[in-house]
2 protein chains.
Amino acid sequence: MGTEPRQGDLNEGGDGDAPFVADYLLFLLASTSAAASAEFHAVVRAEGLRVREWRVLACLHDEDGQMTTRLAELALMEQSRLTRIIDQMHTSGLVERRSDAEDRRRVRVFLTERGAAVAANMIEKARAHEAALIARLPGASGETLKRLLKRVHAELVDGE
Amino acid sequence: MGTEPRQGDLNEGGDGDAPFVADYLLFLLASTSAAASAEFHAVVRAEGLRVREWRVLACLHDEDGQMTTRLAELALMEQSRLTRIIDQMHTSGLVERRSDAEDRRRVRVFLTERGAAVAANMIEKARAHEAALIARLPGASGETLKRLLKRVHAELVDGE
DNA sequence: CCCAAAAAAATGCGTTTTCATGTTTTTCGT
DNA sequence: ACGAAAAACATGAAAACGCATTTTTTTGGG
């Protein structure tokens, strides 16, 4: 006994040289995202939704009737994956497809009445969870982080 | 024509009320993480590794001989998934298992010589990529972001 | 106007991932 | 010291996922 690794936090020391993971931006982003999301994802599943369905609902709430490709980008998944998620969400009565009159290659996805209700309900829960989460961070870290993430995200996506 | 949604960035307006996604912390984290990682993940795959194998290599580089459960936490994956990734990495000669003498339930994972070499090589590439990425962010955003993420991650994991 | 190229979405299919459970070893209460 | 509970890891089966390709429609050059 005594050789137990610590729980939770990212490692500090290394074998001999500098630790890498704990100071690597992409790991910090991924693990913070995972840790922060874990709690709410439990709520999502408890509501009978999968994480990706929740993402689709949230994106459509912001702008209903988006085309498949764009929706896949926003909801952070592959196009072919979204196609099948939409199938299932259609089956469970959350969304419907309508082909675009201007360009018949396009399929636009709309919330059903029930889908809109579920979306609104979940967004309320998400806002509450976010507020609670930010509340337990020191000072204004939460808001600062959001501001920073928006800037970085914008730079990564539009810039270059 | 003319009704085209913008490319890339997160939506600003909504149907009628406040936009949600573009200001929601968990989405900001997830999408920034995805956008930032996308580039490097291409490098990883080009090197013949999968993303999760790369994570394992990096974690073991920082501290070799970790037990399965802990390694799964650090490398952001499920325990049963890690078991199988280790199988495959063993097959490709990157790691080896040794059962812990003190507690024979435990399996510790070690880098092979080749694994260590691959890890070192990838970490070099990762550091270079990170530096380039941070360089194209305005001012000190990158470093500020890292500092903030460390704090938030620590709070989410240890605190509470 | 026509045909090749591009764009949007769907689909076939092999791989990955997860969930629940099984097996072995250790811990802990009495 | 014994047996129940817990911890660590492995595994079987089902679902989810992503890649490559196909189908349909639109665009653009000659």
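Reminder, nothing fancy here: chain letters follow the sequence lines and each chain counts from 1. Since the model is a prediction, treat every value here as computed from it, not as a measurement.
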Looking at dG18(D), dT25(D), dT11(D), which one has an atom nearest to any side-chain atom of T83(B)?
-> dT11(D)
Which residue lies toward the 5' end of DNA chain C, V107(A) or D100(B), if each is placed at its nearest nucleotide?
-> V107(A)
hbond_proxy S80(A) side chain to dC19(D) base (donor-acceptor, 3.5 Å cutoff) = yes
Would a distance-only check, ignoring hydrogens and angles, find a side-chain to backbone donor-acceptor pair under 3.5 Å from S99(B) to V107(B)?
-> no
Atom CG of L71(B) and atom P of dA8(D) are separated, to the nearest Å, by 14 Å
Atom-to-atom span, CZ of R98(B) to C1' of dA8(D) - whole angstrom = 19 Å
E53(B) CD to dT17(C) C1': how many Å, rounded?
-> 14 Å
Do I134(B) and L149(A) belong to the same hydrophobic cluster, where Ile, Leu, Val, Met, Phe, Trp and Tyr are linked whenever their side-chain heavy atoms lie under 4.5 Å apart, directly or via other members?
-> yes
Under-4.0 Å side-chain N/O to phosphate OP1/OP2 contact, R81(A) with dG18(D) = no
Expressed in angstrom and rounded to an integer, what is the separation of L82(B) atom CG from dA10(D) atom P?
-> 8 Å
Inspect the surroundings of NE2 in H90(A) and state if more than 12 heavy atoms from other residues, nucleotides or ligands are less than 6.0 Å away.
-> no
Could you state the CD1-C1' distance from I86(B) to dT16(C), rounded to the nearest angstrom?
-> 16 Å
Taking every non-hydrogen atom, the tightest pair across R55(B) and A75(B) | CD-O, 3.4 Å
May I ask you to say whether R70(B) pairs ionically with E73(B), meaning some side-chain N is under 4.0 Å from a carboxylate O?
-> yes
Quick one: on DNA chain D, does A101(A) or R84(A) contact a more 5' nucleotide (nearest heavy atom)?
-> R84(A)
R52(A) has a side chain; which of dA8(D), dA9(C), dG18(D) sits nearest to it?
-> dG18(D)
Counting only distance, no hydrogens or angles, is the base of dA8(D) paired donor-acceptor with the side chain of R106(B) under 3.5 Å?
-> no
Mind calculating the distance between NE2 (H90(B)) and P (dA10(D)) to the nearest angstrom?
-> 12 Å
Polar side-chain contact R105(B)-dA7(D) base: donor and acceptor under 3.5 Å | yes
In whole Å, what is the span from the CE atom of M77(B) to the P atom of dC17(D)?
-> 17 Å
If only side-chain N and O atoms of R50(A) are considered, is one of them under 4.0 Å from the OP1 or OP2 phosphate oxygen of dA16(D)?
-> yes
Per the atom types in the model, does the base of dA8(D) pair as donor or acceptor with the side chain of Q79(B) at under 3.5 Å?
-> no
Figure out the CD/P separation between E78(A) and dG18(D), and round it to whole Å.
-> 5 Å
Select from R104(A) and I85(A) the residue whose nearest nucleotide in DNA chain D is closer to the 5' end of that strand.
-> I85(A)
